Number of protein chains: 2
Amino acid sequence: MHLLLVEDDHLVAQGLIRSLRQEGYSVEHSGTVKHALECLSSGEIELVILDLGLPDGDGSLVLKHIKAQKKVIPVVILTARGSIDDKVQGLDMGADDYLAKPFDPAELFARLRVASRRVNQTQSSLLQCGEVVIDSSAHTVTLNGESLTLPRKEYMLLKALMENQGRVQSKQQLENKLYQWGEEVGSNAIEVHIHHLRKKFPSDFIKTLRGIGYVVGKR
Amino acid sequence: MHLLLVEDDHLVAQGLIRSLRQEGYSVEHSGTVKHALECLSSGEIELVILDLGLPDGDGSLVLKHIKAQKKVIPVVILTARGSIDDKVQGLDMGADDYLAKPFDPAELFARLRVASRRVNQTQSSLLQCGEVVIDSSAHTVTLNGESLTLPRKEYMLLKALMENQGRVQSKQQLENKLYQWGEEVGSNAIEVHIHHLRKKFPSDFIKTLRGIGYVVGKR
DNA sequence: TATTTTCTTAAGTTTTCTTTAAGTTTCGCT
DNA sequence: AGCGAAACTTAAAGAAAACTTAAGAAAATA
């Protein structure tokens, strides 16, 4: 999931970036309104953490810009302004959540998970489909109650599928979710991962729709 | 907007109900898990405020029930349990927001506004015609609620027809929609696809207008 | 750094879809 | 009713997509 962190305090930013990457986000960072708007224009960003006090203007400019777009991008405001009035104002401007500094990283991450599962249209971090359960907050997968360990890419692929049960996703869509928009895959990597996943799950778990894509569950 | 308040403390509940009504919500109130589930079963509720400590069980039961449903109902947890762990747990179970008591009503209302504006912008792209439904975002086709799998070209053809219900389209028009303006069809491909589709749907679903073209629905 | 695991690539194989084409039926017109 | 045009049906060849396998590259781990 591609996240944009807008935060001008470099010390705070560096720490956050590292832990966000560990949480599985692909993070871009801006310290100014101007640069933030540039990042957003690429159209890749799916989620934004926004500080309000920026050197070249107020973060609310970024918020307004995002909410004027057609694409739905959740925005979590993370700022030192912690009064009730600030919160109400921030939320009413269109933010999806508001956290005042100092904040606990665990709470921020939980709230980000809420936002990202909304992007993925799933309802909770516990994804179940038949005998397979995936807990995206703990990064674990169980089949019939037995826990199993998946390599990173296989886990990401399975999660991408289970976050969209009943929704067919093309290989292209899945590639976009597994790979940073820096490097492209020049081959059938997705097919191979699917193949490996299938060996670990019931044979009819991942279905193929020839020419369209792959699905899991609900059909 | 229909809101369900689940809260067993009558004093808190009465105060909240009054201000929620002033905010424009139509409020139902439950003091128990059992009654809350009954209220939800009506299917009217669009938004829930949930206290966790209830006399006949934990509020998380209600949360689980809501999140197991297909319908998307935002849940804001409002509880005395205010530790970071409680928050993380509640959010990861599927809650959309979490507010610890004591709370400021203005903040609660702002967060409810966030939740309700999200309800209103949720709409999926469904094409319906009689018993046949296409969800183009999920690439799924259902007939009488049963999902069926169509090959790519058949799906494209069906979609082209259903996007123009009641409008007759010539074979030529349909060809233009299924094929890039580079490749040519040298034969009766459309007729064959129509034939295949007809075997999968009620016999009168796709109508032929001899010499003119094909239609679906409305006539 | 050595070792192991995971990821990507590519080629060969299999499966399924799509198109073609020929034969058959239906329709509308005179 | 009989004719011609249009649409339907069928089956098989051809094309496209997906599966499988294995080997080398990259990454993680010790």
Side-chain angles (χ1 to χ4, degrees), chain A residues 18 21-24 26 139-141 147-161 168-216 219, chain B residues 139 141 148-161 168-216 219:
Chain A
R18 211 170 47 190
R21 294 227 163 104
Q22 236 155 25
E23 288 285 313
S26 138
H139 285 247
T140 58
V141 181
S147 170
L148 62 154
T149 309
L150 296 183
R152 271 163 296 282
K153 282 272 153 59
E154 284 176 36
Y155 172 83
M156 290 166 85
L157 179 53
L158 179 66
K159 186 171 155 216
L161 287 169
V168 184
Q169 295 178 94
S170 68
K171 268 185 287 208
Q172 188 54 58
Q173 286 177 297
L174 293 168
E175 269 176 19
N176 293 340
K177 294 186 180 183
L178 296 219
Y179 301 93
Q180 310 278 57
W181 25 291
E183 198 64 23
E184 287 301 307
V185 270
S187 189
N188 60 343
I190 297 289
E191 288 175 19
V192 176
H193 288 308
I194 291 275
H195 177 60
H196 290 145
L197 278 174
R198 282 188 170 142
K199 292 208 277 199
K200 297 172 185 172
F201 293 95
S203 59
D204 61 342
F205 181 60
I206 300 172
K207 270 149 286 190
T208 300
L209 283 116
R210 178 165 270 252
I212 303 171
Y214 298 95
V215 218
V216 122
R219 320 196 84 227
Chain B
H139 256 286
V141 181
L148 59 154
T149 302
L150 298 183
R152 196 166 51 108
K153 281 270 154 62
E154 283 177 34
Y155 173 85
M156 291 166 81
L157 180 53
L158 179 65
K159 190 172 155 211
L161 287 169
V168 186
Q169 294 178 93
S170 68
K171 268 184 285 205
Q172 188 54 57
Q173 285 177 300
L174 292 168
E175 271 177 18
N176 293 339
K177 293 187 181 182
L178 298 219
Y179 301 93
Q180 312 281 41
W181 33 277
E183 46 190 337
E184 290 293 315
V185 264
S187 189
N188 61 342
I190 296 290
E191 289 175 17
V192 176
H193 289 310
I194 290 276
H195 175 60
H196 288 146
L197 278 174
R198 281 186 170 146
K199 292 207 279 198
K200 297 170 185 173
F201 293 95
S203 57
D204 61 343
F205 181 60
I206 300 172
K207 271 148 285 188
T208 301
L209 285 135
R210 179 165 265 256
I212 305 174
Y214 298 95
V215 218
V216 122
R219 326 190 91 231

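Keep in mind that what you see is a predicted model, and the values were worked out from it rather than measured. The chains referred to below are lettered A, B, ... by the order of the sequence lines, with proteins before strands, and numbering in each begins at 1.
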- request: Please state whether the phosphate of dA6(D), meaning OP1 or OP2, lies under 4.0 angstrom from any side-chain nitrogen or oxygen of Y214(B).
  value: no
- prompt: Among V192(A), L197(A), L178(A), which residue meets the side-chain contact (heavy atoms from CB on, under 4.5 Å) test with K153(A)?
  reply: L178(A)
message: Classify the ring geometry of Y155(A) against H139(A): parallel below 30°, tilted from 30° to 60°, perpendicular beyond 60°.
response: parallel
- request: Applying side-chain contact (heavy atoms from CB on, under 4.5 Å) between K171(B) and each of I194(B), I212(B), I190(B), N188(B), report the one that passes.
  value: I190(B)
- line: Output for pair (E154(B) CD, R198(B) CZ), nearest 0.5 Å, gives 12.5 Å
message: Is the phosphate of dT20(D) approached by H195(A) (side-chain N or O, under 4.0 Å from OP1 or OP2)?
response: yes
- prompt: Of the candidate nucleotides dC8(D), dC7(C), dT9(D), which contains the atom at the shortest distance from the side chain of E191(B)?
  reply: dC8(D)
message: Output the rounded distance in Å from NE2 (H193(B)) to C1' (dA11(D)).
response: 15 Å
- prompt: In whole angstrom, what separates E154(B)'s CD from dT18(C)'s P?
  reply: 7 Å
- prompt: So, is R152(B) near the phosphate of dC17(C), with a side-chain N or O under 4.0 Å from OP1 or OP2?
  reply: no
message: On the nucleotide dC19(D), are OP1 or OP2 found under 4.0 Å from the side-chain N or O atoms that T208(A) carries?
response: yes
query: So, does Q173(A) use its side chain to make a donor-acceptor pair with the main chain of G213(A) at under 3.5 Å?
result: no
- prompt: Rounded to whole angstroms, how far apart are CG on L197(B) and P on dC8(D)?
  reply: 12 Å
task: With heavy atoms under 4.0 Å as the rule, sort Y155(B) into base, sugar-phosphate or nothing.
output: nothing
task: Give the rounded distance in Å between these two atoms: CD1 of I206(B) and P of dT9(D).
output: 12 Å
message: Should the side chain of R210(A) and the base of dA17(D) be counted as holding a donor-acceptor pair, with the cut-off at 3.5 Å?
response: yes
query: Quick one: I194(A) CD1 to dT8(C) P, roughly how many Å, whole number?
result: 14 Å
- prompt: Below 4.0 angstrom from OP1 or OP2 of dC7(C), is there any side-chain N or O of Y179(A)?
  reply: no
- prompt: K171(A) side chain N/O closer than 4.0 Å to the phosphate oxygens (OP1, OP2) of dA18(D)?
  reply: yes
field: Below 4.0 Å: OP1/OP2 of dT19(C) and any side-chain N or O of K153(B)
entry: yes
query: Can you tell me how far C1' of dT8(C) sits from CG of L178(A), to the nearest Å?
result: 13 Å
message: Could you tell me how far apart Q172(A) (CD) and dA18(D) (C1') are, to the nearest whole angstrom?
response: 16 Å
- prompt: Atom CG of N188(A) and atom P of dT14(C): how far apart are they, to the nearest Å?
  reply: 17 Å
